[in-house]
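Inspection log for the structure reproduced underneath, given as structure tokens.
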Amino acid sequence: MQSSQVQNILDSESGTSSPSVRFSKTCLKNVFSVILLFIYLLLMAVAVFLVYQTITDFREKLKHPVMSVSYKEVPLYDAPGIALYPGKAQLLSCKHHYYDHIPPLINPGQPGEIECTTQRINYTDPFTNQTMKHALIVQGPRDVKKRELVFLQFHLNETDQDFSAINYLLFSSFQGFLNSLTSGLEGRKTKLHRKSRRPDKTEFMKDCESSYSSWKFSGGFRTWVKMSLVKTKEEDGRETVEFKQETSVVNYIDQRHKPASDQLFFVVFEWKDPFIQKVQDIVTANPWNMIALLCGIFLALFKAADFAKLSVKWMIKIRKRHLKRSQAMNHIS
């Protein structure tokens, strides 16, 4: 009689009507807690993967920056330098014209006016240090609004080659050549290391030939060269200069009475447009966005860990309560 009363009191305190119902509810609670625990463990694993992926993407973006191209419009260019290597050819005339208009030649093949600023220089080949080279340096066009151009005419009386051509290269500043400061040179896609400032035109031209590409224009044609300027900012902060060219070649119909070996060269230098192209590498990875994302992920991790800890504590508490009830029942029995 007393044991049955104690059992009724325990049943009334637990709020259940029978041991089987109480066992089923406890089992369901445990299963549900385990499922929630596994879900949050899965979410924690996903969060850890996202952290790893975010850091990996950030490092990849740092290694592979995106190239940014911008255009700056200018009314005047810094006059470039045109280094010509005529060899045995003779400069007959050099003039500046405007608005893309070149008047007809009056006496082709005969010496004319030389209105350009020119300099002649001899220096040794920078690649062999033995061969002497003769260069004619001409000041290039500046006024892009008036479509200023430079027209040059050369004459070659005799040649022992099947093909006759004149080499030339472009460098960014004719004034830098006049100042004869090698430190004022901006190399093309190369880094020029200098330990001293030497006022030497020969060294300037050696650096130009080592750093810039050279081109050719042929005899018996009029070659029209339209230049554009590309400035590239390197990773170390230095700025390099590159010339891009668009050339068109027109045949010159020579009606002079001359020997067959006589050859004329015509070349025109003009700016293509008033835009200087600037190229710079930009890192698209934003550290603040990555920090914000990581903070959110770590916050979710802490919340998940806190919930998992509370779930484990709740399961342990339920287990202890069940053990106490079992011990009480065994003691009463």
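The first residue in the sequence is number 1, and the count goes up from there.
The two atoms that bring Ile137 and Ala83 nearest to each other are CD1-CB, 3.6 Å, heavy atoms only. Considering all non-hydrogen atoms of both residues, Lys72 and Lys278 come closest at CD-NZ, 4.0 Å. Heavy-atom minimum distance, Lys231 versus Val241: CG-CG2, 4.3 Å. Minimum interatomic distance between Tyr123 and Ala135 (heavy atoms only, all atoms of both residues): CE2-CB, 4.0 Å. Here the shortest heavy-atom pairing between Ala89 and Leu156 reads N-CD1, 3.6 Å. Closest approach of Val150 to Cys116, counting heavy atoms only: CG1-SG, 3.9 Å.
In this structure, the side chains of Leu170 and Ile82 come closer than 4.5 Å at one or more pairs of heavy atoms. Side-chain contact check for Leu76 versus Asp143: some heavy-atom pair is nearer than 4.5 Å. In this structure, Val250 and Trp224 have side chains that are not in contact, with every pair of non-hydrogen atoms separated by 4.5 Å or more. Inter-residue side-chain proximity for Val249 and Ser218 is flagged as unmet; no heavy-atom pair is nearer than 4.5 Å. With a 4.5 Å cut-off on side-chain heavy atoms, Asn179 and Phe204 do not count as touching. Within the 4.5 Å cutoff, side-chain heavy atoms of Leu84 are placed close to those of Phe154. Annotation: side chain of Met227 is in contact with side chain of Pro141 (closest heavy-atom distance under 4.5 Å). At least one side-chain heavy atom of Lys201 sits under 4.5 Å from a side-chain heavy atom of Gln119.
For the atom pair CD1 (Ile114) and NZ (Lys95), the distance works out to 11.0 Å, reported to the nearest 0.5 Å. Here the OH atom belonging to Tyr252 is positioned 14.0 Å from the OG1 atom belonging to Thr223, to the nearest 0.5 angstrom. Put simply, OH on Tyr52 and CG on Asp57 are 10.0 Å apart, with the number rounded to the nearest 0.5 Å. To the nearest 0.5 Å, atom OG1 of residue Thr117 and atom NE2 of residue His96 are 6.0 Å apart. With values rounded to the nearest 0.5 angstrom, Asp254 atom CG is found 8.5 Å from Gln263 atom CD. Distance check, rounded to the nearest 0.5 Å: OG of Ser164 to NZ of Lys216 gives 11.0 Å.
For Lys272, the salt bridge (Lys or Arg N to Asp or Glu O under 4.0 Å) partners at least two apart in sequence or on another chain are Glu246. Under the rule for a salt bridge (Lys or Arg N to Asp or Glu O under 4.0 Å), the partners of Glu73 that lie at least two apart in sequence or sit in another chain are Lys145.
Using a 30° and 60° split on the angle between ring planes, Tyr168 and Phe217 fall in the tilted class, from 30° to 60°.
Cluster annotation: Leu264 and Ile102 are assigned to the same hydrophobic cluster (Ile/Leu/Val/Met/Phe/Trp/Tyr, side-chain heavy-atom contacts under 4.5 Å, transitive). By the rule that hydrophobic residues join a cluster once side-chain heavy atoms approach within less than 4.5 Å of another member, Val225 and Trp215 end up as members of one cluster. Cluster annotation: Val279 and Tyr71 are assigned to the same hydrophobic cluster (Ile/Leu/Val/Met/Phe/Trp/Tyr, side-chain heavy-atom contacts under 4.5 Å, transitive). Val267 is not connected to Leu105 by any chain of hydrophobic side-chain contacts under 4.5 Å among Ile, Leu, Val, Met, Phe, Trp and Tyr, and they are in different clusters. Hydrophobic clustering, with ILVMFWY side chains joined whenever heavy atoms are under 4.5 angstrom apart, groups Leu229 together with Val138.
Of the residues Lys146, Arg142, Arg147, the one that meets the salt bridge (charged side-chain N to carboxylate O under 4.0 Å, His left out) test with Glu270 is Arg147. Of the candidates Trp271, Phe275, Phe174, Trp271 is the only one forming a ring pair (Phe, Tyr, Trp, His ring centres under 6.0 Å) with Tyr77. A side chain to side chain contact (heavy atoms under 4.5 Å, CB included) with Pro80 is found for exactly one of Phe243, Phe177, Phe269, Phe171, namely Phe243.
Between the Thr232 side chain and the Thr240 main chain, no donor and acceptor come within less than 3.5 Å of each other.
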For this session: Begin with the C-alpha distance, continue with both residues' side-chain angles, and end with the deciding distance and a verdict on side chain to side chain contact (heavy atoms under 4.5 Å, CB included) for Ser172 and Asp78.
Result: CA-CA 8 Å; Ser172 59; Asp78 185 14; over 6 Å; no

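In the displayed structure, Gln53 atom CD is contacted under 6.0 Å by more than 12 heavy atoms of other residues, nucleotides or ligands. For CZ of Phe127, the number of neighbouring non-hydrogen atoms (other residues, nucleotides, ligands) closer than 6.0 Å is greater than 12.
Within the cation-pi definition used here (under 6.0 Å to the ring centroid, within 45° of the axis), Lys133 qualifies as a partner of Tyr85.
Checked by atom type, the side-chain pair Lys226/Ser248 shows no donor-acceptor distance below 3.5 Å. Side-chain contact annotation: Gln153 with Ser93, donor-acceptor N/O pair under 3.5 Å present.
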